[in-house]
Student: 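Below: one structure in structure tokens.
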Amino acid sequence: MNKIELLAPAGNLEKAKIAILYGADAVYIGGKQFSLRSRASNFSLEEMAELVEFANVHQAHVHVTVNMLPHEDDLEGIQEYLLKLDAIGVHAIIVASPYIMTLAKSLGCHFEVHVSTQHSSTNSKAIEFWKEQGMDRVVLARECGMEQIETMAKKQILPIEIFIHGGMCISYSGRCVLSNHMTLRDANRGGCAQSCRWKYHLMDGADEISNPEQLFCMSSKDLQAVDEIESFIRWGVASLKIEGRMKSAYYLATVVSSYRRLIDQIYEKGSVTPSELDAIRFEIAKAENRQTGPGFYKGIPDETVQLYQDHDETVTQEYVAFVLGKKNDKIQVQVKNKFVFEDDLEIFGPQIPSTPIKLQSIEDENGEPLTVCNKPMQIVYAKWDGPWQENAMIRKRRR
């Protein structure tokens, strides 16, 4: 049995490389055309080619989202685009349109064609249908429960991919017209305005029933499936997908490395203890800016899995520096957020678990000592007691 794939999102080239370095077996990205998440930076063909080369060196794969639900005038150039993706050497495309799926197959493209979650595949008969159409993998709807996933996975009709972390849509499989209706931004063509997260006055006719001081929204808690990973591995799920092409490199490094650690522990030991699961959850929480819940994995979500009032994202400034390399006997780091010499810090990296460090010195480029680093993007030189690694990240310790 193949080891389960950890699939991470990436909105640009920097984030994709970080995700791979921190343990992703594959990344999914969007191009400048035919992709949802239009507000992500997205990739030019040249950037895709660079990423594929980088991924190949690190034994990772690149999946490209071609998941727009196209209108008649959206299809111009699709054949040429697919052939260019094939020439670049991408490993898979994620597709919502049946026409684009069959077109890719008819063109003889070498990449796999994965059926997008936009199709709301929730049963084995749907998977059998996609197999008959010649597809290579099915991304299940987020609305599937554990028993349904177990049944579909064990039948081994086609490899299945499921979401384990990130945003949940308040509407069924993203079939929402609020954004389009309210802002003329089409959610299924890449422009979702996330209207469910806005604050509303809740009315019963002419009477307001919401608290004017604490308005109503319809947002779901983000998904976090740490408790379910062992079951997914045991059942033979092919791929575990993290959501969030709009997320930061720090978020990706934290979440990807945490799930990487969890997956590897399960394969090495067969299971993990409750305390080990708690440690993984604690690590992931260092990058979270929204509350999380189990999605549909513990049954139909009730009001405890929704965010009717307290839904606002909180901005964390715990991530303070990125390790660039070493110059002479000092470690070269780039400042990301303010920190001071006395701060209680920790480092984590592609091969470094979260480890406390104690700064011994910090200097600017001219060798002048610093006690405060508060200029984002400034290059400084530091010494500390503890490990270091290129591409590692430094953050304030959370207790």
Student: For Glu53, look at atom CD and say whether over 12 heavy atoms of other residues, nucleotides or ligands are found less than 6.0 Å away.
Tutor: no

Student: Return yes if some donor-acceptor pair links the side-chain N/O of Tyr28 with the main-chain N/O of Ile242 below 3.5 Å, else return no.
Tutor: yes

Student: Looking just at side-chain N and O atoms, do Gln389 and Gln351 make a donor-acceptor pair shorter than 3.5 Å?
Tutor: yes

Student: Report yes if some heavy atom in the side chain of Val138 is under 4.5 Å from a heavy atom in the side chain of Met152; otherwise report no.
Tutor: no

Student: Any chance you could measure Tyr297, atom OH, to Leu223, atom CG, to the nearest 0.5 Å?
Tutor: 5.5 Å

Student: Counting only heavy atoms not in Lys358, do more than 12 fall under 6.0 Å of its NZ?
Tutor: yes

Student: Side-chain contact test, heavy atoms from C-beta onward, threshold under 4.5 Å: evaluate it for Ile347 versus Val323 and give yes or no.
Tutor: yes

Student: If you define the side chain from C-beta out and look only at heavy atoms, does anything of Pro301 sit under 4.5 Å from Gln306?
Tutor: yes

Student: Has the side chain of Arg137 got a donor or acceptor atom that lies under 3.5 Å from a matching backbone atom of Ile94?
Tutor: no

Student: Can you tell me if NZ on Lys330 sees more than 12 non-hydrogen neighbours from other groups inside 6.0 Å?
Tutor: yes

Student: Looking at Ala382, is its backbone amide N or carbonyl O close enough to the side chain of Ser361 to form a donor-acceptor pair, meaning the two atoms are under 3.5 Å apart?
Tutor: no

Student: Side-chain donor-acceptor pairs under 3.5 Å in residues 109-116, sequence neighbours left out?
Tutor:
from: His110; atom 1: ND1; to: Asp86; atom 2: OD1; distance (Å): 3.4
from: His110; atom 1: ND1; to: Asp86; atom 2: OD2; distance (Å): 3.3
from: Glu112; atom 1: OE1; to: His114; atom 2: NE2; distance (Å): 2.8
from: Ser116; atom 1: OG; to: Gln118; atom 2: N; distance (Å): 3.0

Student: Any heavy-atom pair between the side chains of Pro294 and Val305 that's under 4.5 Å?
Tutor: yes

Student: Between Asn374 and Lys338, is there a donor-acceptor pair closer than 3.5 Å when you use the side chain of the first and the backbone of the second?
Tutor: no

Student: What's the separation between atom CG in Leu158 and atom CZ in Phe129, rounded to the nearest 0.5 Å?
Tutor: 12.0 Å

Student: So, Ser124 and Lys155: side-chain donor and acceptor under 3.5 Å apart, yes or no?
Tutor: yes

Student: On the six-membered ring of Phe348, is Arg395 placed so that its NZ or CZ lies under 6.0 angstrom from the centre and within 45° of the ring axis?
Tutor: yes

Student: Same cluster for Val335 and Val340 if Ile/Leu/Val/Met/Phe/Trp/Tyr side chains link at under 4.5 Å?
Tutor: no

Student: With His58, which residues qualify under ring pair (Phe, Tyr, Trp, His ring centres under 6.0 Å), at least two apart?
Tutor: Phe54

Student: Taking Glu368's backbone N and O only, do any of them form a donor-acceptor pair with Asn366's side chain (distance below 3.5 Å, no angle check)?
Tutor: no

